[in-house]
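Notes for the one structure printed next.
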Amino acid sequence: MSARRRRSAPALPSRRGRAARVSSTWAGLPTESRNPRSAALDTLSTPRVVDLLLDEDRRALVAAAGQKAAIARAAVAAADALRRGGRVVFLGAGTSGRLGVLEASECPPTFGTDPETIRGVMAGGEGAVFRAVEGAEDRAEDGRDEASRLRKGDLLIGVSASSVTPFVKAALETARARGLKTVLVTCAPRPGLRTLADIVVAIRTGPEVLTGSTRLKAGSATKAALNAITTAAMVRLGKAYGNLMVDLRQGSAKLRDRARRIVVAAGEVPPERAEALLAEAGGEVKTAIVMARLGLSPEEARR
């Protein structure tokens, strides 16, 4: 709608009208509120829309930093669960669920973890990762079913931008009732969240540029929090040497080249020697580094 046409259009119904009086679970959530900075979004130039979106993302990441203590506690809980033989399970719906699946799927190539130890569970099943399954987030019974499959020692990380998603709430409640450790990552701080999970990461991202579209800055802040949880947990588990990823899996030409460069840097050997050591070590970067530094055989280096 053009700005001129918009000005001549009939006024919208009064906020005192019937629609304004209708309350709901979501009406009072900050993630569902209207952002005054984007009130005239449809009349802005494309560069201004982009500028506004990126500036709001920046604000959201600042808000995520305000939750660094809770994020660190979640990272310690994840590391402890994995060290003791448990699993870390990210569970969510919609964008939140997809971000959990993304986080879980990136841990094996980056940190050499077993795909079964860090998992993503999506409301509506695997197909919902690629195509929305309408109503899946409302099925509390599915959340309870997923939580019932968890084992002793597992950590459940529920991801819900709104904090009220029935699928996630039911899973967290069921997991807690079974004595499992739980984490909630949300962008809608509100009273009572601590009854849902042992650790609550509540990022105050505020209203979206496009009202209610939490794939925007809420998604960016959530992704940052999940990145921090998994990466900090992996550092605690010895998956980094300095700032190098020493347990990566060499599943592509890029990663094979990276592995070689890591052995060069950490093992203090030339590229040709690094490549030979990696071959002897069966592609195990850590093993190749120890071989280089201590002059050991692969078997001795593994020990």
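Each residue takes its place number in the sequence, starting with 1.
When all heavy atoms of S163 and T186 are compared, the closest pair comes out as CB-OG1, 3.3 Å. Among all heavy-atom pairs drawn from A288 and V263, the shortest one is CB-CG2, 4.0 Å. Residues E56 and N35 come closest through the heavy atom pair OE1-ND2, 3.0 Å. Looking at every heavy atom in both residues, L277 comes nearest to M291 through CD2-CE, 3.8 Å. Between I199 and A77, the shortest heavy-atom contact is CD1-CB, 4.1 Å.
In this structure, OG1 in T211 is found 8.5 Å from CD in E32, a value given to the nearest 0.5 Å. Within the model, atoms CG of L216 and OG of S38 stand 10.0 Å from one another, a figure rounded to the nearest 0.5 Å. Separating the NZ atom in K217 from the OG1 atom in T31 is a distance of 10.5 Å, to the nearest 0.5 Å. Here CG of L29 is found 7.0 Å from CZ of R190. Values are rounded to the nearest 0.5 Å. Distance check: T182 OG1 to D154 CG gives 12.5 Å after rounding to the nearest 0.5 Å.
The backbone N or O of L210 sits nowhere less than 3.5 Å from a side-chain atom of S213 that would complete a donor-acceptor pair. Distance alone, capped at 3.5 Å, is enough to place a donor-acceptor pair between the K286 side chain and the G238 backbone. With R249 contributing its side chain and T113 its backbone, the two residues share a donor-acceptor pair below 3.5 Å. Here the side chain of E137 pairs no donor or acceptor atom with the backbone of A123 at under 3.5 angstrom. A donor-acceptor contact shorter than 3.5 Å links the side chain of R98 to the backbone of V129. A donor-acceptor pair is defined here as one N or O able to donate and one able to accept, closer than 3.5 Å; no such pair exists between the side chain of D247 and the backbone of G112. No donor-acceptor pair under 3.5 Å is formed between the side chain of Q67 and the backbone N or O of V201. Between the side chain of S297 and the backbone N or O of E300 there is at least one donor-acceptor pair closer than 3.5 Å. For Q250 (side chain) and A259 (main-chain N/O), no donor-acceptor pair under 3.5 Å exists by modelled atom type.
Looking at P189 and R204, their side chains come closer than 4.5 Å, going by heavy atoms from C-beta outward. Using a 4.5 Å cut-off on side-chain heavy atoms (C-beta onward), V159 and T222 make contact. Residues D257 and R260 meet the side-chain proximity criterion, which asks for heavy atoms closer than 4.5 Å. The shortest side-chain heavy-atom distance between I262 and I289 falls under the 4.5 Å cut-off. Looking only at side-chain heavy atoms (C-beta outward), L255 and R258 come within less than 4.5 Å of each other. With a 4.5 Å cut-off on side-chain heavy atoms, L172 and L156 count as touching. A 4.5 Å side-chain heavy-atom check between R178 and L150 finds at least one atom pair inside the cut-off. Looking only at side-chain heavy atoms (C-beta outward), V235 and K239 stay at 4.5 Å or farther from each other.
Counting heavy-atom neighbours within 6.0 Å of R84 CZ, excluding the residue itself, gives a total of 12 or less. Around atom CZ of R261, more than 12 heavy atoms belonging to other residues, nucleotides or ligands sit under 6.0 Å away. Under a cut-off of 6.0 angstrom, the local environment of CD in E126 is sparse, with at most 12 non-hydrogen atoms contributed by other residues, nucleotides or ligands.
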> Could you walk me through whether T231 and F111 pass the side chain to side chain contact (heavy atoms under 4.5 Å, CB included) check?
Replying inline: CA-CA 9 Å; T231 304; F111 301 112; 4.3 Å; yes
>> Under the criterion side chain to side chain contact (heavy atoms under 4.5 Å, CB included), I'd like the reasoning laid out for R83 against L237: C-alpha separation, chi angles, the key distance, then a yes or no.
In response: CA-CA 7 Å; R83 185 181 293 112; L237 293 172; 3.8 Å; yes
